[in-house]
Amino acid sequence: MTQTENSQDLTGWQPYDLDYYAQEIVLKHRDKKNVLNESHKMRMAVAYGLERFWGEHLRLRLRRETEKKSQYWKDVWDKLAEILSRGGMNLPNDEIPLPDQARDKKKSNGKAETEKIKEMARKIWSMPLAEQRVALMVLTQFCDALVWWTQRYKQQK
């Protein structure tokens, strides 16, 4: 089979530049201490599902010393949503404003934050099963690319 014939068989398939975006994100976070170690954790977290993967950035953000790691996870989720939208899928991606623990502790409205988190989880869980599976497959490949670029670009101590 020639390359042209093969391309015709793959009319609906698009690579969506996963490798390019993974490289871009890894380079963005390369100079932040211990952040790229999260790539391996991301790849393992995919097995636990979309909602748990999404929620990891919140857990890390609440721990003050891991704010940069949180941003890495959020950047990956944001890019995943963008990639899937190019394929006609809508991945929930609500912003959940959490207070800066040192500055806004008294201003925090824990109930409102909890409701926003619940709503986001509900949106993820109510995605059609086929879309959840596609999103997980794309996320798996995206995380594989993140790990690959991490191994190439991670700075030695």
Side-chain angles (χ1 to χ4, degrees), residues 1-30 32 35-63 66-99 109-154:
M1 181 181 302
T2 66
Q3 187 173 2
T4 307
E5 290 170 347
N6 191 26
S7 297
Q8 290 173 349
D9 292 340
L10 298 174
T11 306
W13 182 83
Q14 296 290 328
Y16 296 108
D17 300 320
L18 295 177
D19 198 49
Y20 170 79
Y21 292 129
Q23 180 188 36
E24 183 179 70
I25 290 173
V26 167
L27 287 172
K28 176 182 176 183
H29 293 277
R30 181 176 187 246
K32 299 171 186 167
V35 170
L36 292 186
N37 294 337
E38 296 299 305
S39 299
H40 300 280
K41 294 174 186 175
M42 287 179 190
R43 180 57 183 89
M44 290 187 300
V46 171
Y48 295 104
L50 293 171
E51 192 276 336
R52 290 186 185 185
F53 187 97
W54 170 81
E56 189 64 9
H57 85 278
L58 295 177
R59 184 187 73 80
L60 290 168
R61 193 167 55 172
L62 288 171
R63 296 176 57 199
T66 59
E67 195 170 324
K68 291 176 183 173
K69 292 178 183 180
S70 170
Q71 188 58 54
Y72 186 43
W73 282 80
K74 182 68 168 111
D75 286 351
V76 170
W77 185 265
D78 290 347
K79 188 57 72 174
L80 176 66
E82 180 184 317
I83 291 165
L84 292 174
S85 72
R86 290 173 53 199
M89 288 180 51
N90 182 27
L91 182 70
N93 193 17
D94 299 350
E95 289 295 324
I96 309 293
L98 296 177
N109 184 352
K111 288 183 180 181
E113 293 160 9
T114 300
E115 289 306 312
K116 289 177 183 176
I117 292 168
K118 285 180 182 178
E119 178 62 18
M120 180 62 182
R122 187 196 60 73
K123 287 179 181 180
I124 293 170
W125 286 331
S126 63
M127 289 173 63
L129 186 56
E131 288 188 13
Q132 288 180 33
R133 288 179 177 161
V134 169
L136 281 170
M137 286 186 281
V138 172
L139 181 58
T140 299
Q141 291 302 305
F142 194 33
C143 287
D144 284 347
L146 289 165
V147 168
W148 196 91
W149 287 112
T150 293
Q151 291 171 339
R152 269 94 195 139
Y153 291 147
K154 187 176 177 184

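What's counted below: heavy atoms across the whole structure, side chains too, no hydrogens, waters or symmetry copies. Here the structure is a predicted model, which means the values were calculated and not measured.
- Of the candidates Arg30, Gln23, Lys154, Glu24, Trp149 forms a side chain to side chain contact (heavy atoms under 4.5 Å, CB included) with just one, namely Gln23.
- Using modelled atom types and a 3.5 Å distance limit, the side chains of Asp75 and Gln71 yield a donor-acceptor pair.
- With no hydrogens or angles considered, no side-chain donor-acceptor pair links Glu51 and Trp125 at under 3.5 Å.
- Of the residues His29, Met42, Glu38, the one that meets the side chain to side chain contact (heavy atoms under 4.5 Å, CB included) test with Val76 is Met42.
- Residues Leu146 and Tyr72 have side chains in contact (heavy-atom distance under 4.5 Å, counting atoms from C-beta outward).
- Cation-pi geometry between Arg152 and Trp148 is met: the NZ or CZ atom falls under 6.0 Å from the ring centre, inside 45° of the normal.
- In summary, Asp17 and Lys79 do not engage in a salt bridge, as defined by a charged side-chain N under 4.0 Å from a carboxylate O.
- Under a 4.0 Å N-O distance rule, the pair Lys116/Glu119 does not qualify as a salt bridge.
- The two residues Ala145 and Leu18 make their nearest non-hydrogen contact at CB-O, 4.3 Å.
- For the pair Lys68 and Leu60, the minimum side-chain heavy-atom distance is 4.5 Å or more.
- Side-chain contact between Trp54 and Trp73 is absent, with no heavy-atom pair separated by less than 4.5 Å.
- Environment of OH in Tyr153: crowded, with over 12 heavy atoms of neighbouring residues, nucleotides or ligands closer than 6.0 Å.
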Trace of the side chain to side chain contact (heavy atoms under 4.5 Å, CB included) decision for Trp77 with Leu50: CA-CA 10 Å; Trp77 185 265; Leu50 293 171; 4.1 Å; yes
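- No donor-acceptor pair closer than 3.5 Å links the side chain of Ser70 to the backbone N or O of Thr66.
- Inspection of the Lys74 and Asn93 side chains reveals an N or O donor paired with an N or O acceptor under 3.5 Å.
- Counting heavy atoms from C-beta on, the side chains of Val26 and Tyr21 never come closer than 4.5 Å.
- Side-chain contact between Phe142 and Ile25 is present, with at least one heavy-atom pair separated by less than 4.5 Å.
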